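Quick note: numbers below take in every heavy atom, side chains included, and nothing from hydrogens, waters or symmetry partners. Since this is a predicted model, take the numbers as computed values, not measurements.
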Amino acid sequence: MFTRRLISGPSFNLIRNCTRESAFSGDDGKSAKLTGEILNKDDRIFYAIGATEELLSYIGLTKEYAVEAQHEYIHKLTRIQTVLIDINTAISKYDSMSKQKIPKKHTKELEEWNSKYSKELPAPELYIIPGGGICSASLHVARSLCRRTERVLVPLVREGGLDKEAQVYMNRLADFLFTLSRIASKLDKRTESIYQPQPGETLQAQ
């Protein structure tokens, strides 16, 4: 049986009241922001919105893997999804004069979760090869998507139209997803694969 569950967030009323337009309205390669401004679909604003939506969707997939494995962090992934929806709303309302604020409490929440889980793990090696089970591997993918999303938000923040806290949140989220990937591997009783660099080889940090 198909059921629906409403999950409230700071922007819930705004999203609930938006009417979804037919996809035919975008056949000319243009689309509207929440402000009503019409932009080309390849505009960097829509690229940022798309990157955030891709991350949001993939975290949904990681959550389903976690449900199947009966992992205990499922509600945290749902919470993250609601914050990403709020960030996407802020991107769509991009405006240097009246930008939407992203509460710092969201970032603080991630930091607390990350600190808690880090205490349950050994210190990370220099480079962990993504894998360690389907839950862990999917969280590694989510982490890489998060880093890409962070990169596309940087110029929007730099130019003053997007609250810097959105960028900070993405940075902390990538850290948390990395830690969570290790937790998932531990819960599934899988072994982490560590890349051993050659003598004198320098690796880019994950």
Which heavy atom in [X] sits nearest to a heavy atom in [Y], and how many Å separate them?
{"X": "T52", "Y": "L84", "value": "CG2-O, 3.8 Å"}
{"X": "C146", "Y": "L177", "value": "CB-CD1, 4.2 Å"}
{"X": "D163", "Y": "K99", "value": "N-CD, 3.9 Å"}
{"X": "K93", "Y": "Q100", "value": "NZ-OE1, 3.3 Å"}

Side-chain heavy-atom pair V152, R44 within 4.5 angstrom cut-off: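 Not in contact.
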Non-hydrogen side-chain atoms of N114 and R172 separated by less than 4.5 Å: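 In short, these two side chains do not touch, never coming nearer than 4.5 Å.
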Donor-acceptor contact below 3.5 Å, side chain [X] vs main chain [Y]:
{"X": "S181", "Y": "F178", "answer": "yes"}
{"X": "R79", "Y": "H106", "answer": "no"}
{"X": "T149", "Y": "A51", "answer": "yes"}
{"X": "K63", "Y": "Q81", "answer": "no"}
{"X": "S115", "Y": "E112", "answer": "no"}

How many angstroms lie between atom [atom1] of [X] and atom [atom2] of [Y], to the nearest 0.5 angstrom?
{"X": "R182", "Y": "I128", "atom1": "CZ", "atom2": "CD1", "answer": "4.0 Å"}
{"X": "L139", "Y": "S185", "atom1": "CG", "atom2": "OG", "answer": "10.5 Å"}
{"X": "H75", "Y": "L77", "atom1": "NE2", "atom2": "CG", "answer": "9.0 Å"}
{"X": "T179", "Y": "R143", "atom1": "OG1", "atom2": "CZ", "answer": "10.5 Å"}
{"X": "C135", "Y": "H140", "atom1": "SG", "atom2": "NE2", "answer": "12.0 Å"}
{"X": "Y47", "Y": "R148", "atom1": "OH", "atom2": "CZ", "answer": "5.5 Å"}

Qualifying ring-ring contact (aromatic ring centres under 6.0 Å, His included) pairs, either residue in residues 51-72, two or more places apart: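 Checked against ring-ring contact (aromatic ring centres under 6.0 Å, His included) - neighbours excluded - the pairs reaching residues 51-72 are H71-Y73.
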Do you reckon [X] sits in the same ILVMFWY cluster as [Y], going by side-chain contacts under 4.5 Å, direct or chained?
{"X": "I134", "Y": "L145", "answer": "yes"}
{"X": "V141", "Y": "I183", "answer": "yes"}
{"X": "Y94", "Y": "V157", "answer": "yes"}
{"X": "V83", "Y": "V168", "answer": "no"}
{"X": "V154", "Y": "I91", "answer": "no"}

Tell me whether the count of non-hydrogen atoms from other residues, nucleotides or ligands lying under 6.0 Å of [atom1] in [X] goes above 12.
{"X": "K76", "atom1": "NZ", "answer": "yes"}
{"X": "K108", "atom1": "NZ", "answer": "no"}
{"X": "E72", "atom1": "CD", "answer": "yes"}

Which residues share a ring-ring contact (aromatic ring centres under 6.0 Å, His included) with F176, sequence neighbours left out: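 Checked F176 against ring-ring contact (aromatic ring centres under 6.0 Å, His included); matches are W113.
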Test side chain to side chain contact (heavy atoms under 4.5 Å, CB included) applied to I87 and L55, I49, I102, L56, the passing residue: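 Among L55, I49, I102, L56, the one meeting side chain to side chain contact (heavy atoms under 4.5 Å, CB included) with I87 is I102.
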